[in-house]
Amino acid sequence: MVGRANLFAGWAGIFLGFVVGALSGLFFWMEGWLGGYGSWRRRLVRLAHISFLGLGFINLLFALSVAHLGLGDAPMLRWSSALLIGGAIAMPTVCYLAAWRQPFRHLFFIPVTCLVLGVALFLREGFLR
């Protein structure tokens, strides 16, 4: 069933968002941590944290939408499912890599492309039914 993996990916993303938020929260009180509040590294760590949560919710919404709309197991939805899960994995990964070494910022096209295509395929399938 399309969407089942997205349910688990969504809840895993929410769980990881809570965990990394708690871990990084141990250091947020230090003004100079990762170069200070406005530094590149700290902004990317915050973006990684929120991407776990936000993309977890997107995967949950995908799974619930597929079930609610009765879209079934269409091949395009399988691609959409995989792309949304891939984007949810790639976004925080690229964020942390870019926080570590700034040239990794050039890899942001990977999660963005996955997510845009995943949603576009979902919309296409939904409108064609």
Side-chain angles (χ1 to χ4, degrees):
M1 171 184 148
V2 169
R4 183 176 169 85
N6 298 85
L7 279 174
F8 288 105
W11 282 112
I14 291 167
F15 173 75
L16 289 170
F18 290 163
V19 170
V20 300
L23 291 174
S24 58
L26 296 173
F27 305 100
F28 279 164
W29 64 272
M30 300 183 331
E31 279 190 45
W33 185 61
L34 294 176
Y37 188 77
S39 73
W40 170 263
R41 286 189 169 153
R42 195 155 166 177
R43 288 193 325 258
L44 267 290
V45 167
R46 288 194 315 265
L47 182 59
H49 162 247
I50 200 64
S51 74
F52 276 121
L53 293 165
L55 295 174
F57 285 123
I58 295 297
N59 273 285
L60 287 177
L61 285 172
F62 172 82
L64 296 173
S65 297
V66 166
H68 180 75
L69 297 172
L71 295 177
D73 266 350
M76 287 298 130
L77 287 180
R78 290 175 193 243
W79 277 102
S80 181
S81 171
L83 287 164
L84 290 174
I85 292 170
I89 293 168
M91 184 62 79
T93 301
V94 173
C95 287
Y96 284 124
L97 286 171
W100 176 55
R101 296 283 188 260
Q102 200 170 13
F104 281 111
R105 75 185 188 281
H106 298 294
L107 297 178
F108 273 109
F109 77 93
I110 296 169
V112 171
T113 301
C114 287
L115 295 166
V116 168
L117 286 176
V119 171
L121 291 175
F122 170 76
L123 290 172
R124 178 188 178 275
E125 194 61 36
F127 284 125
L128 291 179
R129 293 214 173 200

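Linking ILVMFWY side-chain heavy atoms closer than 4.5 Å, directly or via other members, places W100 and L23 in two distinct hydrophobic clusters. Under a hydrophobic-cluster definition in which Ile, Leu, Val, Met, Phe, Trp and Tyr are linked whenever side-chain heavy atoms come within less than 4.5 Å, directly or via other members, F52 and V94 are assigned to different clusters. In the hydrophobic cluster analysis, where Ile, Leu, Val, Met, Phe, Trp and Tyr join through side-chain heavy atoms closer than 4.5 angstrom, F109 is grouped together with F104. L97 and V45 are members of different hydrophobic clusters when ILVMFWY side chains are connected at heavy-atom separations under 4.5 Å. With hydrophobic clusters built from ILVMFWY side chains whose heavy atoms lie under 4.5 angstrom apart, V112 does not share a cluster with L121.
Once rounded to the nearest 0.5 Å, the distance linking CD1 of I50 with CG of L55 reads 9.5 Å. Here CD1 of I58 is found 11.5 Å from OG of S51. Values are rounded to the nearest 0.5 Å. How far CD1 of I14 is from CZ of F57: 4.0 Å, rounded to the nearest 0.5 Å. Rounding to the nearest 0.5 Å gives a distance of 14.0 Å between CE of M76 and CG of L123. Interatomic distance, CG of L47 versus SG of C95, reported as 3.5 Å (0.5 Å rounding).
Shortest non-hydrogen contact noted between V2 and V66 is O-CG1, 3.8 Å. For the pair A98 and L44, the tightest heavy-atom approach, listed with the atom from each and the gap, is CB-CD1, 4.1 Å.
Residues forming a ring pair (Phe, Tyr, Trp, His ring centres under 6.0 Å) with W40 (at least two apart in sequence, or on another chain): none. With sequence neighbours left out, the side chain to side chain contact (heavy atoms under 4.5 Å, CB included) criterion links L61 to no other residue. Scored by the salt bridge (charged side-chain N to carboxylate O under 4.0 Å, His left out) test, R78 finds D73 as partners (sequence neighbours excluded). The ring pair (Phe, Tyr, Trp, His ring centres under 6.0 Å) check on F122 picks up F62, with sequence neighbours excluded.
Applying the salt bridge (Lys or Arg N to Asp or Glu O under 4.0 Å) definition to pairs two or more places apart or across chains, none involves residues 39-66. Legend: side chain to side chain donor-acceptor pair (under 3.5 Å) pairs involving residues 116-128, not counting sequence neighbours, sorted by first then second residue: E125-R129. The stretch residues 6-34 participates, sequence neighbours left out, in these ring pair (Phe, Tyr, Trp, His ring centres under 6.0 Å) pairs: F27-W33, F28-W33.
For NE2 of H68, the number of neighbouring non-hydrogen atoms (other residues, nucleotides, ligands) closer than 6.0 Å is 12 at most. Counting heavy atoms of neighbouring residues, nucleotides and ligands inside a 6.0 Å radius, atom CZ of R4 does not exceed 12 of them.
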For side-chain contact (heavy atoms from CB on, under 4.5 Å), just list the numbers for L7 and N59, CA-CA rounded to whole Å, side-chain angles, deciding distance to a tenth of an Å, and then say yes or no. CA-CA 6 Å; L7 279 174; N59 273 285; over 6 Å; no

Return all side-chain donor-acceptor pairs below 3.5 angstrom for residues 80-93, not counting sequence neighbours, or 'none' if the list is empty.
residue	atom	partner	partner atom	Å
S80	OG	G118	O	2.5
S81	OG	N6	OD1	2.5
T93	OG1	I89	O	2.7

